[in-house]
Colleague: 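Mind having a look at this structure? Questions to follow.
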Amino acid sequence: MAEEKSLNFLEEIIEADIKSGKHTEIATRFPPEPNGYLHLGHAKSICLNFGLALKYGGKTNLRFDDTNPVTEETEYVESIKGDVQWLGFTWAQELYASDYFAQLYEFAVTLIQKGLAYVDDSTSEQMAAQKGTPTQPGTNSPYRNRSVQENLTLFADMKAGKYADGTKVLRAKIDMAHTNMLMRDPVIYRIKHAHHHRTGDTWCIYPMYDFAHGQSDSIEKITHSICTLEFVPHRELYDWCIENLAIYPSRQYEFARLNMTYTLMSKRKLLQLVTEKHVSGWDDPRMPTLSGVRRRGYTPEAIRDFCDRIGVAKRDNLIDISLLEFCVREHLNKISARRMVVFDPLKVTITNFPEGKTEILTSENLPDNHSDLREMPFGREIYIEREDFMEVPVKKYFRLSPGQMVRLKSAYIIKCDEFIKDAAGNIIELKCSYIPESRSGSDSSGINVKGVIHWVSADKAVPVEVRQYDRLFTVEDLSTVEDDFRNHLNPNSLQVVPAVFAEPEIVNAKAGQHFQFLRMGYFCLDRDSTSGKLIFNRTTTLRDMWAKEVKK
RNA sequence: UGUCCUAUGGUGUAAUGGUAACACAGCAGAUUUUGAUUCUGCUUUUCUAGGUUCGAAUCCUAGUAGGACAACCA
């Protein structure tokens, strides 16, 4: 039976609203500002907003909050749309706050007419001084009592471009002694002679967030306007505008934004990493951006699962990045074709295997599907992973060591007869013998070995580049660092291995395809690849109990 | 010395006045032709003090702790 899954606080509110008849269907919106790329924190918001509408039979608009022409660009609009689609959601309408500029202007005029807004000539410094502090009330601006008619004329002149940037603003007339700083006559319109990415030079005055967001919600009849906790103090102003304009009463609800260990979710700081070239770009696979994790090989399914598991609440949180890794491993395990790739090769000569002979073996692409096979060449000389041999094995080591046997995955059992060192004492080659009756799938040898290792044919292997990523920062909780966050970047967050040795099948890898390199991790083709040089990003490692055992 | 928000294992999230649970992480073990996957078991929790109540994680009061708020940013 469908077990009763507990509701988060927003679902409770919505169910109560539906039950009471306040709403018969709901409308939400995802309102990014097009001034940066979307990150995992946005994914939480996207999954929430679209998920709620999906669950309760409503719709979600994609609305760009583009009220500041100075920072916003079309490039960002395009990336945001692509990211939302990639995550798997479809918006009802693609809208822009700038679509409402004319309407918003009329709303401002209405406020002036009602004596609830005035044009202020104070400088920003003067206004800051008038503002007071959280513990001290502010003082009224000398321009606060201009007549309605004068305000109307001045505001029209602002719109007409008669004044320079910063010389005048329109402020709501509320209460300079209000305990909520945002209610102390907030600026609602400012002059910016700037080119807007959509409206061009039509406007030289632009509404502030607080005078655009709630009204946009109202125009679209958004029932539940969901935002992050830092907007809690704005709710009072949000409601004030709606009430005094007597427009559709959208309601704002706030949830705690996503924080994760060893990374950060600040668009401003992420932009800094990009512009200062600490990373290769917004889609650098180490970035927590959606374009970054996508390039890294994370799947939308995994991200949605992650957003589902982290839940929604109002308390500050710091999610362990290992939960994200768990989600991606869980999905990738099901869909990733297996390949054998040797990273740090040690040559093995199989002394009783005929010289010059190549035998074609098969192996499953997915562990449980024995009909979906690929072919692998096997020969007298192969490479195995250097760490799969130990001259003097530690306890519980069940790979190769002198005199010991191991299974070559999907091939034969081999026994180490001899190892060869160079003058410096490094092991450079193993001489092994194979058990012909132990061939995978038709093993009649009766030998049971515990160790199974991956391998590639030495002369048929294809060299490819591998990029291994680690956490971007070395500290768990970036919010606690006192100094500059850039001081805590992990210098080893990217390790490039220019040539690892892959089984020949790898040349058929396609963009967007996910692989598990056996025992090494999950990988995907990077877009920097060329036909002559394939490059793979390590999405994440496999869980490694042996590594933990060794540590002890 | 203001207003607002929040407080449940290591990390998250449930429990909606009636036996504090689930996931991740951690630790053991079983299985395994990936030391993967899968499976089993275990450790660990209601900020403090009062109050209401037969009964409080839940309601009330106070305290404590953390966070937000003084951009012509969103």
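All chains are named by letter (A, B, ...) in the order of the sequence lines, taking the proteins before the strands, and each is independently numbered beginning at 1.
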Colleague: A:Met183 has an atom CE; how far is it from atom C1' of B:rC4, in whole Å?
Modeller: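 That distance rounds to 13 Å.
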Colleague: Nearest whole Å is fine: how far is B:rG9 C1' from A:Asp320 CG?
Modeller: 14 Å
Colleague: If I pick the P atom on B:rA49 and the same atom on B:rA57, what distance separates them, to the nearest angstrom?
Modeller: 13 Å
Colleague: Taking Watson-Crick (N1-N3 plus N6-O4 or O6-N4) and G-U wobble (N1-O2, O6-N3), each under 3.5 Å, can you produce the dot-bracket string of RNA chain B? Use [ ] for crossing pairs and | for inter-strand ones.
Modeller: .((((((..((((....[..)))).(((((.......)))))....(((((..]....))))))))))).....
Colleague: Considering only the C1' atoms, how many Å lie between B:rC47 and B:rC42, rounded to the nearest integer?
Modeller: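 Per the computed distance, 27 Å lies between those C1' atoms.
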Colleague: What integer distance in Å separates A:Glu254:CD from B:rU6:P?
Modeller: 9 Å
Colleague: Taking the ring centre of each residue, are A:Tyr412 and A:Phe378 less than 6.0 Å apart?
Modeller: yes
Colleague: For nucleotides B:rA20 and B:rG9, find the distance between their P atoms and express it as a whole number of Å.
Modeller: 16 Å
Colleague: Measuring only the P atom in each nucleotide, how far is B:rA36 from B:rC24? A whole number of Å is fine.
Modeller: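 Each nucleotide's P atom is 16 Å from the other's.
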Colleague: Determine, for nucleotides 33-46 of chain B in 5'-to-3' order, which nucleotides have protein heavy atoms under 4.0 Å from the base (write B), from only the sugar-phosphate (write S), or from neither (write -).
Modeller: BBBSS---------
Colleague: Rounded to whole angstrom, note down the C1' distance from B:rU38 over to B:rU45.
Modeller: 29 Å
Colleague: Hey, would you say the A:Tyr189 and A:Tyr118 ring centroids sit under 6.0 Å apart?
Modeller: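 Judged by ring-centre distance (under 6.0 Å), A:Tyr189 and A:Tyr118 do not meet the cut-off.
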Colleague: Name all residues meeting the side-chain hydrogen bond (donor to acceptor under 3.5 Å, both in side chains) criterion together with A:Glu73; count only those two or more places apart in sequence or in a different chain, and write none if there are none.
Modeller: none
Colleague: Do A:Gln130 and A:Ser122 pair up side chain to side chain, a donor and an acceptor below 3.5 Å, judged on atom types alone?
Modeller: yes
Colleague: Apply side-chain hydrogen bond (donor to acceptor under 3.5 Å, both in side chains) to A:Glu301 and list each qualifying residue two or more places apart in sequence or on a separate chain.
Modeller: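 Once residues adjacent in sequence are excluded, A:Glu301 has no partner under the side-chain hydrogen bond (donor to acceptor under 3.5 Å, both in side chains) criterion.
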Colleague: For nucleotides 63-74 of chain B, just jot down a letter per nucleotide in 5' to 3' order: B, S or -, based on protein non-hydrogen atoms under 4.0 Å.
Modeller: ----SSSB-BSB
Colleague: Does A:Tyr522 have its ring centroid less than 6.0 Å away from the ring centroid of A:Phe517?
Modeller: no
Colleague: Distance between the C1' atoms of B:rG41 and B:rU31, in whole angstroms?
Modeller: 15 Å
Colleague: So does A:Arg538 pair up with A:Asp470, basic N to acidic O under 4.0 Å?
Modeller: no
Colleague: Can you tell me how far P in B:rU43 sits from the matching atom in B:rA68, rounded to whole Å?
Modeller: 38 Å
Colleague: Whole Å only: how far is the CD atom of A:Glu236 from the P atom of B:rC5?
Modeller: 11 Å
Colleague: When the C1' atoms of B:rU46 and B:rG12 are considered, how many whole Å apart are they?
Modeller: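 B:rU46 and B:rG12 have their C1' atoms separated by 15 Å.
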Colleague: Yes or no on salt bridge (charged side-chain N to carboxylate O under 4.0 Å, His left out) for A:Arg309 and A:Glu330, after CA distance, side-chain angles and deciding distance?
Modeller: CA-CA 13 Å; A:Arg309 287 171 185 265; A:Glu330 187 171 62; 3.3 Å; yes
Colleague: According to ring pair (Phe, Tyr, Trp, His ring centres under 6.0 Å), who are the partners of A:His234, at least two apart in sequence or on a separate chain?
Modeller: A:Tyr209, A:Phe231
Colleague: Is the distance between the ring centroids of A:His224 and A:Tyr253 under 6.0 Å?
Modeller: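 They qualify: ring centres under 6.0 Å apart.
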Colleague: Does the pair A:Arg374/A:Glu364 count as a salt bridge with the N-to-O cut at 4.0 Å?
Modeller: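 Looking at A:Arg374 and A:Glu364, the cut-off is not met.
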Colleague: Output the rounded distance in Å from CG (A:Leu324) to P (B:rA25).
Modeller: 12 Å
Colleague: Please report, rounded to the nearest Å, how far the C1' atom of B:rA23 is from the CD1 atom of A:Ile321.
Modeller: 17 Å
Colleague: Do the side chains of A:Arg198 and A:Asp99 get close enough for a salt bridge, i.e. N-O under 4.0 angstrom?
Modeller: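 Judged by the 4.0 Å cut-off on N to carboxylate O distance, A:Arg198 and A:Asp99 do form a salt bridge.
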